[in-house]
> 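Just dropping this structure here.
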Amino acid sequence: MKAYRASLLYFAGMQAVYEQDGLLVVGADERGRQVVQAIGSYQSLAARYPDLAVEQLSGRIIAPGFVDMHIHYPQLDVIGSPAEGLLPWLENYTFPHEKRFSEPDYSAQAATFFVAELLRNGVSCALAFATSHPESVDALLAQAQKNSLRMIAGKVLMDQNAPDGVRDQTEQSLLDTEALINKWHGQDRLGYAITPRFVPSCSAAQLGGAGELAGQYPDVWIQSHVAENKDEVAWVRRLYPDARSYLSVYEQFGLLRPRAIYAHCIHFDDEDRALMRDTGAAAAVSPTSNLFLGSGFFDYAGADRVGHMYGLASDVGGGTSFSPFQTMLAAYYVGREGQTKSGVSLSPQQLWWQHTAGAARALGLEGVVGNLQPGCEADFVVLNPQATPLLARKTAQAGSLDELLFALIVLGDDRLVEKTVISQSLS
Ligand code: GUN
Ligand code: ZN
């Protein structure tokens with residue numbers, strides 16, 4: 001067992017708890033995983049652990065590692081590629097970049113960079129797209145495993161409306177998916193996600209096959225995109241003129257259930273939101289991507305009114321930053337847009353929750369990651385609020401928890417993250 005003395009931030013339900021002088025005690029559970037044994041004020045806990053080695057982190061804040069609900073590891077080099085909108089962006093930048101991942105060496109070096117960049121930014125759990133090449137999944141999950149990272153990833157399914165070099169073949173793509181599930185899902189901290197890219201790039205046979213696998217392997221994740229962009233929505237309407245909505249196409253193929261994570265969910269009506277709620281699917285809200293690609297604004301008030309799950313995501317490379325602080329700030333801007341219509345705006349505690357405990361809940365990993373309650377895997381960030389002169393000046397003046405968290409969200413980036421500590425398995 002080991003303990004850390006620092007300021008602590010964690011969640012009780014959706015409520016943020018802040019301990020100015022806190023103690024975090026970490027130790028192995030019965031399965032040999034490093035988990036949180038105790039958390040609270042130094043005063044209340046220190047006497048209970050008289051012989052424990054305590055690492056002093058004075059002036060630092062320990063908080064849960066961030067959870068990124070939607071990111072593309074092959075799109076590292078696509079960040080900042082301007083386009084009129086989603087569809088030309090995919091065609092002109094994204095597909096050509098993803099072709100390179102047919103080369104295992106290329107995938108391996110991108111995976112190494114990607115995992116290091118997640119850790120540098122304080123992200124300790126991610127749900128990630130690879131490319132259509134099965135070996136691209138091997139490269140990412142092998143690298144995540146090496147770093148003990150909790151990573152969920154999948155081979156992209158895309159058997160139509162995509163160029164040579166990234167387009168796959170229906171039957172083989174489903175065989176590859178099942179083989180990858182058997183190879184990776186549940187190994188150490190790794191998980192597999194069945195990954196139909198989006199409706200336009202998948203034939204009905206491929207979507208149906210994906211849905212069958214999703215039924216056969218109920219604890220495997222599903223990840224895709226939905227209702228991101230108006231031209232995309234119109235395209236799906238042309239492909240499925242009888243479907244009630246874009247989302248209902250996924251329902252038709254058995255792809256809505258708990259652990260199904262849909263990026264964007266912008267152009268939704270309340271029936272779509274109710275379908276998300278009733279099936280237990282969740283939205284990955286990707287505000288930097290939506291602002292960069294001009295896709296639109298996630299309707300927070302609508303999601304809360306109907307009551308479906310959601311959490312935050314970078315969506316790199318449509319998204320512009322790996323930093324959860326940049327993503328939370330963009331989400332705040334988007335919440336302000338909704339505020340004019342509904343009176344809703346997002347508090348810094350809500351933003352932080354959406355990128356940690358809330359994202360974990362949406363992924364079906366509540367009590368596992370995204371929080372520092374006893375029993376949670378011990379993934380955490382050590383934040384240095386003095387990391388820049390302006391952060392130091394601003395955080396020193398914070399008169400409340402909200403003011404402190406706002407200062408970190410607005411001024412924070414990778415410099416704020418001094419260290420990301422990942423739970424190690426001791427068995
Ligand atoms: N829709 C289909 N593929 C993609 C992708 O790679 N990024 C985003 N943002 N939307 C998509
Ligand atoms: Zn995406």
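Computed from heavy atoms alone, side chains included, the values below leave out hydrogens, waters and symmetry copies. Whatever order the structure lists them in is the order used to number ligands and atoms, beginning at 1.
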> Between His72 and the Zn ion (ligand 2), is there a contact where an N/O/S atom of the residue lies under 2.8 Å from the metal?
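His72 does place an N, O or S atom closer than 2.8 Å to the Zn ion (ligand 2).
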> What I want to find out is whether Glu98 reaches Arg197 closely enough, with some N-O distance under 4.0 Å, to be called a salt bridge.
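Yes, charged N to carboxylate O under 4.0 Å.
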> Name the closest protein heavy atom to atom 3 (N) of ligand 1, giving the residue it belongs to and the distance to 0.1 Å.
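Ranked first by proximity to atom 3 (N) of ligand 1 is Arg197 NE, 2.9 Å.
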> Looking at Glu251 and Arg244, does any basic side-chain N land under 4.0 Å from a carboxylate oxygen?
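Here Glu251 does not pair with Arg244 in a salt bridge, since their nearest N and O are not under 4.0 Å apart.
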> So for ligand 1, is Glu98 a polar contact partner (N or O within less than 3.5 Å, distance only)?
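Looking only at distances, the answer is no, because the N/O contact criterion of under 3.5 Å is not met.
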> Near His72, which atoms of ligand 1 are under 4.0 Å from a heavy atom of that residue?
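Counting atoms of ligand 1 from 1, those under 4.0 Å from His72 are 5 (C), 6 (O), 7 (N).
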> Within a distance under 4.0 Å of any heavy atom of His264, pick out the atoms of ligand 1 and give their elements.
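In order of number, 9 (N).
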> Looking only at side chains, do Gln172 and Asp176 share a donor and an acceptor under 3.5 Å apart?
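A donor-acceptor contact under 3.5 Å links the two side chains.
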> Report the nearest protein non-hydrogen atom to atom 10 (N) of ligand 1: residue, atom name, distance rounded to 0.1 Å.
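Going by distance alone, atom 10 (N) of ligand 1 is nearest to Glu228 OE1, 2.7 Å.
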> In terms of atom number and element, which parts of ligand 1 are under 4.0 angstrom from non-hydrogen atoms of Leu86?
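Here the atoms of ligand 1 in question are 8 (C), 10 (N), 11 (C).
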> Would you check whether Glu232 reaches within less than 4.0 Å of ligand 1, judged by its heavy atoms?
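No, Glu232 has no heavy atom closer than 4.0 Å to ligand 1.
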> Are side-chain N/O atoms of Gln349 and Asp402 paired as donor and acceptor at under 3.5 Å?
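The answer is yes; a qualifying pair exists.
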> Going by atom types alone, do Gln424 and Ser148 pair a side-chain donor with an acceptor below 3.5 Å?
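Their side chains do contain a donor-acceptor pair, which is all the 3.5 Å distance test asks for.
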> Flag the pair His70 / Tyr262 as yes when their ring centroid distance falls below 6.0 Å, and as no otherwise.
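No - the distance between ring centres of His70 and Tyr262 does not fall below the 6.0 Å cut-off.
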> Hey, are Asp299 and Arg305 close enough for a salt bridge, meaning a charged N less than 4.0 Å from a carboxylate O?
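Salt bridge: no.
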> About how large, to 10 degrees, is the angle NE2 of His70, then the Zn ion (ligand 2), then OD1 of Asp315?
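Here the angle at the metal atom is close to 90°, to 10°.
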> Looking at ligand 1, would Trp89 count as a contact under a 4.0 Å heavy-atom criterion?
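Trp89 counts as a contact of ligand 1 under the 4.0 Å cut-off.
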